[in-house]
Amino acid sequence: MTNKASSPSSNRLIVALPEMERAALCALCEPVALATGDVLSEPGAPMHYAYFPLSGFVVLETPLRAPLSLSVAMVGNEGMLGATLALGTRIAPLRARVQIGGHALRLGASQLQRELQAHRRLKRMIERYLFVLLTQAPIHAACCHFHEIGQRLACWLLLAQDRAGGRSFHLTHESLADMLGVHRSGVSIAAGLLQREGLIRYARGEIHLLDRQGLEGASCKCYADLLKGASRLFPTGKSEPPPLE
Ligand SMILES: [Zn+2]
């Protein structure tokens, strides 16, 4: 692993680990490429691996009546897929689908569970991340129910950029509709509005974020709330996050 895209330092959860736990974890991980559309877990099925994304991102979704599904969370280089392994179960709670391809570090579910037994501080950190996900779930639920599609689209685009990096990425109408739980026509209208306001440029699935500050203004307050919750537990610039208690 030589470049930044495949370096453990690209994952903020790994970076936040104490040195001993970080070294033990990284020694067991293997770098893998994640292709857009890959399904990494299905609800109710055993998880075989845990993933620490380094680039791109994965959406966690709850399948509804086929082919509908609703995205309820996004996992990128701020976290991990498979945090529920820390609860002692290997059953996946949600479908995990790669939304934007990239790279990740991967280790076997049983390997991670053995490490969690041996390294209490690793377990604490993953529990902390689970806590963040738990606090974010009701924000996503309320957002989906109460906020306008345009606000939600702005929110998801900001979350996507935070994880995928850069100002441009590929997201089709269909994948945006899945993420927002709306019809494609709703996405077209909302994206058209953001485009007319000069906040994005969107053509043939390529989205360019033109005005991040403007998008933050167009988003519902959920984006700020999601960031606030995560930064309380994983403050930037500190290697030792504050205790949960
Ligand atoms: Zn919202």
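For ligands, and for the atoms within them, numbers begin at 1 and follow the listed sequence. Keep in mind that what you see is a predicted model, and the values were worked out from it rather than measured.
Remark: Glu61 engages Arg97 in a salt bridge, criterion side-chain N to carboxylate O under 4.0 Å. Electrostatic pairing of Arg201 and Asp211 does not count as a salt bridge here, judged by no charged N lying under 4.0 Å from a carboxylate O. Checked for salt-bridge contact, Lys123 and Glu127 meet the test: a charged N lies under 4.0 Å from a carboxylate O.
In the hydrophobic clustering of ILVMFWY residues, with side-chain heavy atoms under 4.5 Å counting as a link, Tyr51 and Val39 come out apart.
Without hydrogens or angle criteria, Tyr223 side chain to Ala154 main chain gives no donor-acceptor distance under 3.5 Å.
Note: His103 and Phe52 fail the aromatic proximity criterion, with ring centroids not under 6.0 Å apart.
Annotation: protein N, O or S atoms under 2.8 Å of the Zn ion (ligand 1) (waters excluded) comprise Cys143 SG, His147 ND1, Cys220 SG, Cys222 SG.
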